[in-house]
Amino acid sequence: MNLATLQDSVFLHALGSAILNSLWQGFIIWLIYETINISYKNLSSIFKNRFSTLLLFISFIWFLITFLSGFYTETNVMAGLTGEVTNVAINSSIQPFTISNFISLAGNSIPYLSVAYMLLLAVLMLKLFSSYRYVYMIAKTRLIPATYHLETFTDKVVRELNITKKISVWISKKIDVPATVGFFKPVILIPVASINSLTPHQLEAIILHELSHIKRNDYLVNLFMSVIETILF
């Protein structure tokens with residue numbers, strides 16, 4: 001790997017700067033959430049969930065803006081600097097330790113921080129992809145058709161909620177808690193244990209709960225949140 005190429009990479013400098021800035025940006029976002037949470041203790045759990053989701057999206061957008069701004073700035077700076085950057089780096093390496101030298105060294109380390117970040121991000125994204133692939137596999141294997149009562153009840157509530165998506169209900173042997181998989185064609189999965197231990201009214205409550213998630217598009221929102229949380233660690 002050519003180290004000089006890393007040092008001259010505008011992308012790596014901008015990404016590293018955005019990563020470092022995300023630390024204090026995340027701290028500010030956290031302070032806002034805690035301030036609202038402490039000031040208004042009677043807030044509902046739904047509001048807290050939506051508010052935290054909004055703040056997460058804001059932090060991601062802030063990260064992107066910081067990166068794009070840094071990329072634009074670094075492009076202009078690098079365009080005006082060629083051999084000067086190399087000369088300064090060589091001269092500073094033989095000078096005694098000073099704050100300015102430390103700052104220069106930290107700046108030169110930013111591209112390596114970006115490379116380490118991208119390697120870790122690739123691993124985390126692979127794990128996230130594997131997890132969602134496993135979830136989809138569960139939604140297609142060892143399934144038992146739901147009872148006629150659950151199917152008719154689901155169809156009835158779907159019409160009442162004006163949900164236009166094709167929704168199917170299945171009994172699964174591979175899960176322990178109810179779940180909904182998929183966005184375009186959602187599949188509601190109910191554990192076998194629930195069928196054997198819960199009353200029809202309790203099963204209906206489960207269906208209602210899962211349909212409310214589908215109505216709010218929570219599956220897609222949660223997918224985006226998982227990706228954002230992976231990017232921001």
Side-chain angles (χ1 to χ4, degrees), residues 29-30 32-60 124-125 127-233:
I29 294 293
W30 175 79
I32 293 174
Y33 177 80
E34 287 299 321
T35 300
I36 297 298
N37 195 29
I38 293 174
S39 301
Y40 303 94
K41 296 183 178 180
N42 294 327
L43 293 174
S44 65
S45 58
I46 295 177
F47 176 86
K48 290 181 180 179
N49 178 263
R50 292 179 178 176
F51 185 58
S52 61
T53 301
L54 175 63
L55 290 180
L56 181 62
F57 277 101
I58 290 175
S59 64
F60 178 66
L124 294 177
M125 280 296 185
K127 290 179 63 176
L128 179 64
F129 173 78
S130 299
S131 298
Y132 272 88
R133 186 172 176 272
Y134 176 72
V135 168
Y136 272 99
M137 182 189 71
I138 289 177
K140 294 182 179 180
T141 58
R142 299 187 65 184
L143 298 180
I144 302 172
T147 62
Y148 176 78
H149 171 75
L150 285 180
E151 289 183 346
T152 55
F153 176 78
T154 301
D155 292 338
K156 174 178 155 238
V157 177
V158 164
R159 289 193 298 270
E160 292 175 352
L161 294 178
N162 294 320
I163 299 176
T164 57
K165 300 174 183 177
K166 172 67 176 176
I167 300 174
S168 57
V169 182
W170 294 88
I171 312 301
S172 174
K173 296 180 179 180
K174 303 192 71 172
I175 62 174
D176 298 321
V177 294
T180 297
V181 179
F183 174 72
F184 296 104
K185 293 181 179 180
V187 177
I188 298 177
L189 301 177
I190 300 177
V192 172
S194 298
I195 297 295
N196 297 329
S197 60
L198 299 181
T199 65
H201 290 297
Q202 290 173 324
L203 292 173
E204 290 176 359
I206 291 176
I207 297 295
L208 283 172
H209 179 78
E210 297 302 324
L211 287 176
S212 66
H213 284 306
I214 296 173
K215 179 69 175 179
R216 296 195 303 263
N217 296 315
D218 285 346
Y219 183 85
L220 185 62
V221 173
N222 290 336
L223 176 60
F224 283 143
M225 286 182 63
S226 297
V227 173
I228 292 174
E229 288 172 351
T230 302
I231 294 174
L232 299 180
F233 297 148

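- Separating the CD1 atom in Ile188 from the CG atom in Leu150 is a distance of 9.5 Å, to the nearest 0.5 Å.
- With a 6.0 Å radius and a threshold of 12 heavy atoms from other residues, nucleotides or ligands, Asn196 has its CG atom above the threshold.
- Between Thr154 and Leu211, the shortest heavy-atom contact is O-CD1, 4.3 Å.
- Taking the six-membered ring where tryptophan is involved, the planes of His209 and His213 are perpendicular, since the angle between them exceeds 60° and thus also 30°.
- Rounded to the nearest 0.5 angstrom, Leu161 CG and Ile167 CD1 are separated by 8.5 Å.
- A heavy-atom distance below 4.5 Å is not found between the side chains of Tyr33 and Leu56.
- Judged by the 6.0 Å distance and 45° axis criteria, Lys48 is not positioned over the aromatic ring of Tyr40.
- With contacts defined as side-chain heavy-atom distances shorter than 4.5 Å, the pair Pro191/Ser172 does not qualify.
- Taking all atoms of both residues into account, the shortest heavy-atom contact from Met137 to Thr141 is O-OG1, 3.0 Å.
- Atoms NZ and CG, on Lys174 and Leu189 in that order, are 11.5 Å from each other to the nearest 0.5 Å.
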For this session: Please report the C-alpha distance between Val181 and Lys140 in whole Å, then the side-chain angles of each, then the deciding distance to 0.1 Å, and finally whether the side-chain contact (heavy atoms from CB on, under 4.5 Å) criterion is met.
Result: CA-CA 10 Å; Val181 179; Lys140 294 182 179 180; over 6 Å; no
Exercise. Checking side-chain contact (heavy atoms from CB on, under 4.5 Å) for the pair Asp218/Thr180: CA distance, chi angles, key distance, verdict?
Worked result: CA-CA 10 Å; Asp218 285 346; Thr180 297; over 6 Å; no
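- Between Ile190 and Ile207 there is a side-chain heavy-atom pair separated by less than 4.5 Å.
- Nearest heavy-atom pair, Ile171 versus Pro145, reported as atom, atom and distance to 0.1 Å: CG1-O, 3.9 Å.
- Within 6.0 Å of atom NZ in Lys173, 12 or fewer heavy atoms from other residues, nucleotides or ligands are found, so the atom counts as exposed in its surroundings.
- Heavy-atom neighbours of Lys185 NZ from other residues, nucleotides or ligands within 6.0 Å: at or below the threshold of 12.
- No more than 12 heavy-atom neighbours from other residues, nucleotides or ligands sit within 6.0 angstrom of CZ on Arg50.
- Here the side chains of Leu128 and Glu229 are not in contact, with every heavy-atom distance at 4.5 Å or above.
- The two residues Asn222 and Tyr132 make their nearest non-hydrogen contact at O-OH, 3.9 Å.
- In this structure, Lys166 and Phe184 have side chains that are not in contact, with every pair of non-hydrogen atoms separated by 4.5 Å or more.
- Taking every heavy atom of both residues into account, Pro200 and His149 meet most closely at CB-NE2, 4.3 Å.
- Between atom CD1 of residue Ile228 and atom CZ of residue Phe224 there is a gap of 8.0 Å, rounded to the nearest 0.5 Å.
- Note that CG of Leu203 is 11.0 Å distant from CG of Leu208, once rounded to the nearest 0.5 Å.
- Atom CG of residue Asn49 and atom CG of residue Leu54 lie 11.5 Å apart, to the nearest 0.5 angstrom.
- Counting heavy atoms from C-beta outward, Met125 and Ile231 have side chains that approach closer than 4.5 Å.
- Relative ring orientation between Tyr136 and Tyr219 is described as perpendicular, the plane-to-plane angle rising above 60° on a 0-90° scale split at 30° and 60°.
- Scanning all heavy atoms of the two residues, the minimum distance from Glu210 to Ala179 falls at OE1-C, 3.7 Å.
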